[in-house]
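Structure first, commentary second.
Letters go in sequence order (proteins before strands), and every chain restarts at 1.
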2 protein chains.
Amino acid sequence: MTSTEPTLRPTRQRLAVAAALEQFSDFRSAQEVHEALRATGDNVGLSTVYRALTAMADAGEIDMLRSEVGEAVYRRCSGSHHHHLVCRTCGATVEVEGPAVEKWTRAVAAEHGYTEVSHTLEIFGTCSNC
Amino acid sequence: MTSTEPTLRPTRQRLAVAAALEQFSDFRSAQEVHEALRATGDNVGLSTVYRALTAMADAGEIDMLRSEVGEAVYRRCSGSHHHHLVCRTCGATVEVEGPAVEKWTRAVAAEHGYTEVSHTLEIFGTCSNC
DNA sequence: GATAACTTGACAATGATTCTCATTATGAAT
DNA sequence: ATTCATAATGAGAATCATTGTCAAGTTATC
């Protein structure tokens, strides 16, 4: 089957959302991105920000994770698969890779007969500045 | 400082919530637990179910994690620290332990100067029955 | 059994996220 | 360039999980 997904168009709004994320180094919620855009005069509807972010996350262009309170937060992505070490206080984020962990999750899943495996792994802590 | 938390009382409602969780082997949301209680005639207010679940989770008596869509789901707990391998389709859950992972997260955090470390790690997949 | 503190529950209030749908913009093909 | 089919937008309504409110009910203690 060829892709059933509609083609994404690089509209002013989507470019603005992408540009906004470039300015941040830590995770931001859709609401925060929307607010940041309004502040710079780039008016983009809230619904559109939500749509742009989820689309970009689905396409693997940005990272998405859930904060400890369950809100979806996004961040520009470095490309390869990795996890995050996030400061609980100031939000400072460090990208970390763990080949061993990847291997382990795959092994554990296989051992129990699970397929199509995905996983979430986030580390929260207090950074040295806080 | 001694505990500032008020003492928890084993009320009918809290016992009912605990008993309900005992009957399930997989993760359930507060709404689902509430519905299950209503079905058996145990009438417990929705707010109370929420309060009981969060209190039990805070006390470490049950596990809480966020489903892929961000809802809080709970499950009776086996005691020691562990993670979960959850079937995306039927919810079947396997508890898994990974000393290596625990060690790794601690090491990574320390390496970057992060303290008071906690982490979330959940594995999602499709079990052999689905 | 009087009392102070903890609980409960019905319902309102939040707040993030999604949906609706009329209008507009985009890309490809004339 | 003009047309056309389709994707995208935005304002606001609609969802839905979760939390807050507060008066009335319980519980442990003295």
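We find that CE of A:Met64 is positioned 15 Å from P of C:dA16, with the value rounded to whole Å. If you take NE2 of A:His34 and P of C:dG15, they are 17 Å apart, rounded to a whole angstrom. Rounded to whole Å, the distance from CD on A:Glu35 to C1' on C:dA16 is 15 Å. Between A:Leu15 atom CG and D:dT9 atom C1' there is a gap of 14 Å when expressed in whole angstrom units.
Residue-to-nucleotide contacts include a donor-acceptor pair under 3.5 Å from the side chain of A:Arg9 to the base of C:dT26.
Ring orientation note: the planes of B:His83 and B:His119 are tilted relative to one another, at an angle of 30° to 60°.
Nucleotides of DNA chain D nearest to B:Thr11 and B:Arg66 differ in position, and the one nearer the 5' end is that of B:Arg66. For the pair B:Leu46 and A:Leu46, nearest-nucleotide mapping onto DNA chain C gives the more 5' position to B:Leu46. Comparing B:Arg12 and B:Ser29 along DNA chain D, the residue whose closest nucleotide (by nearest heavy atom) sits nearer the 5' end is B:Ser29.
Between D:dA17, C:dT8, D:dT9, one nucleotide has an atom nearer to the side chain of A:Gln13 than all others, and that is D:dT9.
Not one side-chain nitrogen or oxygen of A:Arg38 sits closer than 4.0 Å to the OP1 or OP2 atom of D:dG10. OP1 or OP2 of C:dT8 sits under 4.0 Å from a side-chain N or O of B:Arg14.
Contact check of residues 47-58 of chain B against DNA chain D (heavy atom, cut-off under 4.0 Å) returns B:Ser47, B:Tyr50, B:Arg51.
No donor-acceptor contact under 3.5 angstrom links the side chains of A:Arg66 and B:Thr120, judged on distance only.
Taking CZ of A:Arg75 as the start and CG of A:Leu53 as the end, the distance is 14.5 Å to the nearest 0.5 Å.
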Taking only Watson-Crick and G-U wobble pairs with both distances under 3.5 Å, what dot-bracket line describes DNA chain C, where [ ] shows pairs that cross earlier ones and | shows pairs with another strand? ||||||||||||||||||||||||||||||

